[in-house]
Amino acid sequence: MYTQKVMDHFTNPRNVGEIENASGVGTVGNAKCGDIMRIYLDIDDNGIINDVKFKTFGCGAAVATSSMATELVKGKSVNEALKVTNKAVMEALDGLPPVKVHCSLLAEEAIHAALWDYAEKKGIQIEGLEKPKSDIHEGEEQIEY
Amino acid sequence: MENKIYLDNAATTKTRPEVVEAMLPYFTELYGNPSSVYEFANQNKKAVDEARKIIANALGADISEIYFTAGGSESDNWALKAAVDAYADKGNHIITSKIEHHAILHTCEYLEKHGVEVTYVDVDENGIIKLDQLEKAIRPTTILISVMFANNEIGTIQPIKEIGEIAKKHKIPFHTDAVQAFGHLDINVNDLGIDMLSASAHKLNGPKGIGFLYIRKGIKIRSLIHGGGQERQRRAGTENVPGIVGFGKAVELAMATMKERTEKEIKLRNLLMKRVLEEVPFVRVNGDKVKRLPNNVNFSFQFIEGESLLIMLDMNRICASSGSACTSGSLDPSHVLLAIGLPHEIAHGSLRLTLSEENTEEEINYTVDKIKEIVDKLRKMSPLYEDFIKKR
Amino acid sequence: MENKIYLDNAATTKTRPEVVEAMLPYFTELYGNPSSVYEFANQNKKAVDEARKIIANALGADISEIYFTAGGSESDNWALKAAVDAYADKGNHIITSKIEHHAILHTCEYLEKHGVEVTYVDVDENGIIKLDQLEKAIRPTTILISVMFANNEIGTIQPIKEIGEIAKKHKIPFHTDAVQAFGHLDINVNDLGIDMLSASAHKLNGPKGIGFLYIRKGIKIRSLIHGGGQERQRRAGTENVPGIVGFGKAVELAMATMKERTEKEIKLRNLLMKRVLEEVPFVRVNGDKVKRLPNNVNFSFQFIEGESLLIMLDMNRICASSGSACTSGSLDPSHVLLAIGLPHEIAHGSLRLTLSEENTEEEINYTVDKIKEIVDKLRKMSPLYEDFIKKR
Ligand SMILES: Cc1ncc(COP(=O)(O)O)c(C=O)c1O
Ligand SMILES: Cc1ncc(COP(=O)(O)O)c(C=O)c1O
Ligand code: FES
Ligand code: FES
């Protein structure tokens with residue numbers, strides 16, 4: 001079902017984890033739909049993404065696109081990172097099955113959400129960046145175990 | 001593939017070698033068409049009759065009440081559509097449950113588009129149909145009650161005898177989708193008051209592409225597939241003789257080995273459940289603890305997603321299944337898990353393991369070890385788990 | 001049975017040993033459900049795709065246009081019922097021929113009871129459809145033309161290309177029941193303008209219980225069997241993987257051997273026809289002399305009844321078929337023989353012999369000798385023959 005690259009990034013995801021006091025954190029997706037992605041960015045004073053980490057709740061494609069997206073933005077400038085589209089992520093993974101294309105959108109959105117958070121914290125505006133819609137807390141219920 | 005651990009026997013089973021052996025002569029030697037008049041074809045006719053007899057006996061039915069089909073889906077479609085057609089003068093209302101297989105649910109949707117009214121009765125948190133709600137749903141126009149014998153995802157066994165009694169009391173035909181139950185549980189159509197029953201050979205170590213619909217004498221019936229006069233004019237199409245013979249053999253073996261086989265499955269299943277519940281935190285077992293198919297376990301692991309779990313199990317040569325939406329490419333997770341009241345995100349983390357007597361304790365222990373590792377790994381990368389830990 | 005002479009290949013064929021060989025691994029080794037996500041099931045998925053590709057190539061179709069079914073009858077039912085459902089907004093009129101298989105005719109009867117109008121176009125004395133009548137029958141509400149590729153009783157091949165052109169001109173979907181033709185004649189759905197096509201594996205040395213419906217892209221379709229998402233959501237039911245693999249292999253072999261095989265069949269068939277026509281009096285060959293399936297002969301022997309003939313042939317180990325009403329237990333002889341204008345009493349005396357490449361000249365000669373003997377014997381006890389002789 002998945003390409004070798006997808007399987008590689010799924011089984012050995014790069015950059016899993018958290019960044020304490022991150023410059024920006026973005027969480028997108030909805031547990032109801034089965035996918036949530038969170039991206040942490042560490043951005044230096046020159047606007048370069050020094051470090052990036054992610055956490056993902058989702059299918060193989062969701063994990064692999066998160067991993068690939070972090071690789072693609074690491075070391076890039078904020079403006080370069082903005083250009084990392086879901087299409088670029090998919091291409092870097094040698095493609096995804098049609099039913100999994102929506103998972104790759106999540107990675108793009110998560111980066112944008114983290115950049116938005118960074119901009120808000122810094123009190124700056126990033127050209128071409130729109131406020132992300134996040135509905136992560138919708139439908140989050142707990143049941144007894 | 002070598003050395004796999006097959007834990008997906010609810011999806012399909014291995015055809016037993018004895019079954020294949022029984023089928024083989026009917027491909028290249030006794031290949032005649034049972035409808036032909038000559039002696040050569042007579043041997044096929046006899047073989048088909050013999051299989052029909054084995055199956056009828058297994059259900060306590062008469063041979064004239066067994067109609068071969070191409071599988072469980074065709075049987076389910078047939079039962080519902082035929083009832084709607086045959087009982088149109090009485091009404092247009094069907095009662096079923098919320099946790100039926102898609103072969104029933106999607107047929108109901110189709111029928112709804114064509115003027116049929118359908119009530120989908122709720123189940124409780126263990127997946128058992130609410131009998132009071134079922135009985136209250138009955139109208140003067142109700143022409144069929146269709147409730148599955150045992151659920152394919154969570155393994156819950158329904159109170160079939162009670163449903164049969166309600167149906168009988170109100171003189172409504174009662175159909176049951178027994179695709180997961182036939183050959184695995186004792187079923188007597190008379191004791192249980194079943195009027196129609198669907199089954200599929202490949203769920204009991206028989207071949208794929210062959211099933212049957214049991215139709216009690218006296219129940220009005222219409223054809224789904226029109227044409228030649230096969231199956232007493234009720235189901236057209238040249239008989240799948242090797243398939244029918246294989247089905248007969250599979251039923252014969254399933255009935256003969258049922259007790260011993262299910263005991264073994266229950267033992268392994270319990271080991272699997274016990275270890276997972278004890279060794280993995282934040283997990284629950286879905287479905288009824290007691291009224292449950294012998295070989296079925298269904299877990300929900302909080303904070304993780306089913307497809308990822310399946311793929312990682314696969315990389316460890318373990319074949320399993322999930323009710324996650326991501327596996328099926330749909331937006332919602334399993335309708336069965338939602339119907340028993342699981343929140344979406346927990347339904348997403350479900351894992352179904354369905355055993356066979358061929359599984360070993362070693363395989364089960366290996367599987368539990370791997371589940372532990374994988375669940376741990378996936379939770380480490382789960383934002384939901386992170387939030388949960390931080391909140392504590 | 002030892003040493004039979006099988007001359008009923010239109011009823012069903014022997015499954016080729018290579019076909020069985022190809023199927024075998026999919027019973028006990030690669031038994032996974034193609035819908036599963038794990039690698040073990042992937043091999044079945046690939047095998048199913050491979051078979052689909054072989055079949056699509058044989059027809060000049062795209063793989064996405066081939067939908068597996070349980071056989072010719074299901075395919076025929078599906079094509080007709082789906083068209084009626086999908087094109088309901090355009091109309092409710094179907095055109096077919098008087099000599100279709102019952103899988104078409106009885107489906108039409110069912111549809112007529114549900115408000116569909118059907119025109120049954122006549123055929124000429126050779127069984128060829130009257131194209132002018134067909135075209136005149138077209139109405140603004142016509143939603144489907146369904147004409148069989150080749151007839152199962154008299155072997156007549158229809159002018160499919162011409163029908164396809166008429167259908168195209170009037171923008172009406174064209175379905176053909178090619179159950180007797182596929183694997184025996186060259187068929188290219190694009191050259192011939194076919195929009196839907198039914199086929200069944202057991203008519204071309206494949207297994208029983210598996211068929212397909214070709215549906216051209218752009219033709220509107222509805223499911224006949226609802227449920228799981230198999231066959232691109234169009235035909236529910238766990239795939240009959242061994243059956244599909246066997247079908248693929250059978251088609252591969254049928255295409256590769258077609259020329260050589262049909263040449264051999266035609267040679268034997270011509271020997272059979274020539275000898276019977278020369279050596280038996282009061283006999284006629286039914287169906288077109290030229291536009292005819294390579295392996296089909298259909299005789300009418302005056303003054304005798306088909307079932308008696310069949311039984312006596314059977315006693316000589318010869319397997320054949322008849323259009324006699326007595327064989328089928330019905331009151332009327334074959335609707336096909338009546339449609340080509342045979343009087344009842346002559347239709348009763350019909351004999352269909354359908355050859356395979358495995359038949360030998362020796363078998364054919366033996367069969368002719370036996371036919372001569374038996375016809376002679378039956379005529380000696382026929383009051384019709386007595387009257388005829390006395391009148392002379
Ligand atoms: C022309 C024709 N159509 C349809 C069928 C039905 O095929 P099956 O018996 O495989 O369902 C047959 C054979 O019996 C046939 O000869
Ligand atoms: C409960 C139930 N009903 C119906 C079916 C459909 O059976 P088949 O795939 O043989 O058509 C299945 C299996 O897939 C099932 O588990
Ligand atoms: S995360 Fe659900 S399909 Fe990818
Ligand atoms: S003479 Fe007996 S059935 Fe025709």
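Below, read A as the first sequence line, B as the second, and so on, with proteins coming before strands; counting in each chain starts at 1. Predicted model, so just to flag it, every value in this text is computed and none were measured.
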* To do: Classify the angle between the aromatic ring planes of B:His102 and B:His335 as parallel (below 30°), tilted (30 to 60°) or perpendicular (above 60°).
  => tilted

* Relative to each other, are the rings of C:Trp78 and C:Tyr67 parallel, tilted or perpendicular (30° and 60° limits)? -> perpendicular

[X] [atom1] to [Y] [atom2] distance, which is reported to the nearest 0.5 Å:
| X | Y | atom1 | atom2 | value |
| --- | --- | --- | --- | --- |
| B:Leu111 | B:Thr96 | CG | OG1 | 11.0 Å |
| C:Leu355 | C:Ile5 | CG | CD1 | 10.5 Å |
| B:Thr367 | B:Asn316 | OG1 | CG | 9.0 Å |

Tell me, for [X] versus chain B, whether the close heavy atoms (under 4.5 Å) come from the side chain, the backbone, both or neither.
| X | value |
| --- | --- |
| C:Thr13 | backbone |
| C:Asn77 | side chain |
| C:Val241 | both |
| C:Ser321 | neither |
| C:Leu24 | side chain |
| C:Ala320 | backbone |
| C:Glu239 | backbone |

* Going through the distances and angles, do B:Ser324 and B:Glu305 end up as a side-chain hydrogen bond (donor to acceptor under 3.5 Å, both in side chains)? -> CA-CA 7 Å; B:Ser324 159; B:Glu305 193 281 320; 2.4 Å; yes

When [options] are compared by non-hydrogen pairs under 4.5 Å with chain B, the top option:
| options | result |
| --- | --- |
| C:Asp85, C:Ile210, C:Ile311 | C:Asp85 |
| C:Pro242, C:Ala236, C:Gly211 | C:Ala236 |
| C:Asn33, C:Asn205, C:Val19 | C:Asn33 |
| C:Thr28, C:Val20, C:Leu80, C:Val37 | C:Thr28 |
| C:Lys208, C:His106, C:Glu29, C:His226 | C:His226 |

At a heavy-atom distance under 4.5 Å, which candidate from [options] has the highest pair count against chain C?
| options | answer |
| --- | --- |
| B:Gly209, B:Gly72, B:Gly229, B:Ala41 | B:Gly209 |
| B:Leu313, B:Ile104, B:Leu105, B:Leu224 | B:Leu224 |
| B:Ile244, B:Ile225, B:Thr12 | B:Ile225 |

* **Backbone N/O of B:Thr69 and side chain of B:Arg235: donor-acceptor pair under 3.5 Å** => no

* Asked: For C:Arg234, does its backbone N or O pair with a side-chain atom of C:Ser223 as donor and acceptor, under 3.5 Å?
  -> yes

* Using a cut-off of 6.0 Å, state whether more than 12 heavy atoms not belonging to B:Gln233 lie near its atom CD. => no

* So what's closer than 4.5 Å to chain C heavy atoms on B:Arg16: side chain, backbone, both or neither? -> backbone

* To do: Please flag which part of B:Met23 lies under 4.5 Å from any non-hydrogen atom of chain C: side chain, backbone, both or neither.
  => side chain

* To do: Find out whether B:Lys4 and C:Tyr38 are in side-chain contact, i.e. whether some heavy atom of one side chain is under 4.5 Å from a heavy atom of the other.
  => no

* To do: Check B:His175 against B:Ser198 and note the closest heavy-atom contact, atom names and distance.
  => NE2-OG, 2.8 Å

